[in-house]
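To start, the structure under review is shown below, and the notes come after it.
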Amino acid sequence: MEVIIQKDYEQISKIAAEMVVEVLNAKPNAVLGMATGSTPLGLYQELVRLHKENNLDFSRVTTFNLDEYVGLPVDHEQSYHYFMYENFFKHVNIPPHNINIPSGTTSNYQAFCAWYEKRINECGGIDVQILGVGGDGHIAFNEPTSSMTSRTRLKTLAKQTIDDNARFFDKRADVPVYAITMGVGTILDARKLILLATGKSKAWAVTQTVEGPISSMVTASALQMHQDAKVIVDEDAASELKMREYYEFIYQAKPGAPKR
Ligand code: F6R
């Protein structure tokens with residue numbers, strides 16, 4: 001795992017975008033794993049800027065989103081379908097039929113989840129998966145105690161996740177209780193993982209992810225088992241890391257690394 005500590009959100013977003021661009025340069029028909037939430041917004045804005053100003057091409061790209069709330073129609077303002085179209089898809093040139101987001105309104109969740117897994121495989125697997133992390137250490141909606149080998153499935157949201165996400169809804173009671181989510185095993189199958197985190201509220205989760213035991217209580221700690229996982233965080237999110245100086249030393253010593 002490589003830990004990259006940056007001074008602010010803008011830098012984090014820029015570095016993550018550079019990593020995505022590197023993947024696209026090597027493989028223009030790459031399969032991108034997308035995340036929602038407030039954390040990756042800056043990354044999406046930077047990719048949109050690169051598309052508009054530098055002709056970054058997404059015409060051969062396929063995407064798979066991590067998760068979706070159960071029960072929200074695609075045009076609901078808090079659905080992840082809506083989020084992705086508003087914040088990214090409508091601004092770039094990914095062919096609509098290459099965009100895959102779990103359905104929150106299917107009549108058969110089990111069959112849909114099996115199809116989603118099959119579709120990822122048919123597309124050659126995910127080349128790079130973008131991740132945020134919940135305050136409780138979840139990735140996608142793999143809440144504490146989710147199996148580290150779990151696949152795409154229905155999941156009941158934990159109280160902390162419902163509390164955290166209530167800020168996006170009129171009232172707490174409106175937050176869906178169920179979600180459809182890629183599993184930890186699905187995420188670990190991606191060739192590269194990029195986890196982004198900012199702010200003090202993520203400091204505990206980041207420390208557990210990087211330095212804690214591998215535990216289903218913090219599903220992000222599964223990244224420790226991945227061969228190519230990058231964790232990009234700001235000063236606040238890094239504030240409880242014990243080995244911080246070591247991560248900074250490694251990053252500064254990297255050829256071509258931007259000096260702070
Ligand atoms: C969303 C997702 C979630 C979020 C996490 C952090 O697709 O997978 O795991 O990444 O809840 O959310 P924010 O970025 O809003 O703090």
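Nothing fancy with the numbering, it's 1 onward along the sequence. Order of listing sets the numbers, starting from 1, for every ligand and every atom in it.
Here the protein heavy atom with the shortest distance to atom 1 (C) of ligand 1 is Thr36 OG1, 3.1 Å. Scanning the protein for heavy atoms near atom 11 (O) of ligand 1, the closest one is His138 NE2, 2.8 Å. Closest to atom 6 (C) of ligand 1 among all protein heavy atoms lies Val133 O, 3.4 Å. The shortest contact between atom 16 (O) of ligand 1 and any protein heavy atom is with Lys202 NZ, 2.6 Å. Shortest contact from atom 14 (O) of ligand 1 to any protein heavy atom: Thr39 OG1, 2.4 Å.
A donor-acceptor pair is defined here as one N or O able to donate and one able to accept, closer than 3.5 Å; no such pair exists between the side chain of Glu68 and the backbone of Ile101. Side chain of Asp174 to backbone of Phe169: no donor-acceptor contact under 3.5 angstrom is found.
With a 4.0 Å heavy-atom cut-off, ligand 1 is reached by no atom of Asn165. For Met182, no heavy-atom contact with ligand 1 is shorter than 4.0 Å. The side chain of Asp67, and not its backbone, has at least one atom closer than 4.0 Å to an atom of ligand 1 (non-hydrogen atoms only; side chain from C-beta on). At a heavy-atom distance under 4.0 Å, only side-chain atoms of Leu66, from C-beta outward, approach ligand 1.
Proximity of Val184 to Thr186: side-chain heavy atoms (C-beta onward) are nowhere separated by under 4.5 Å.
In this structure, Lys7 does not pair ionically with Asp234, as no charged nitrogen and carboxylate oxygen lie closer than 4.0 Å. A salt bridge between Asp164 and Lys159 is absent, with no side-chain N of the basic residue lying under 4.0 Å from a carboxylate O of the acidic one. Salt-bridge check for Glu240 with Lys200: failed, with every basic side-chain N at 4.0 Å or more from each acidic carboxylate O.
Nearest-heavy-atom check against atom 3 (C) of ligand 1 across Gly137, Ala205, Gly37, Ala140 picks out Ala140.
For the pair Met34 and ligand 1, no heavy-atom separation below 4.0 Å is found. Within the structure, the closest approach of Arg167 to ligand 1 falls below 4.0 Å when heavy atoms are considered.
In terms of polar-atom proximity, defined here as any N/O pair under 3.5 Å, Tyr80 makes no such contact with ligand 1.
Using a 30° and 60° split on the angle between ring planes, Tyr85 and Phe89 fall in the perpendicular class, above 60°.
Of all atoms in ligand 1, numbered sequentially from 1 with element shown, those under 4.0 Å from a heavy atom of Gly132 are 10 (O).
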Under the ring-ring contact (aromatic ring centres under 6.0 Å, His included) criterion, do Phe141 and Tyr69 qualify, and how do the steps go?
CA-CA 9 Å; Phe141 275 132; Tyr69 288 119; 5.7 Å; yes
Enumerate donor-acceptor pairs with a distance under 3.5 Å from any side-chain N or O in residues 38-52 to protein atoms, sequence neighbours excluded.
from, atom 1, to, atom 2, distance (Å)
Ser38, OG, Arg167, NH2, 3.3
Tyr44, OH, Ala35, N, 3.0
Tyr44, OH, Ala35, O, 2.5
Glu46, OE1, Arg49, NE, 3.1
Glu46, OE2, Arg49, NH2, 2.9
Arg49, NH1, Glu53, OE1, 2.8
His51, ND1, Leu56, O, 2.7

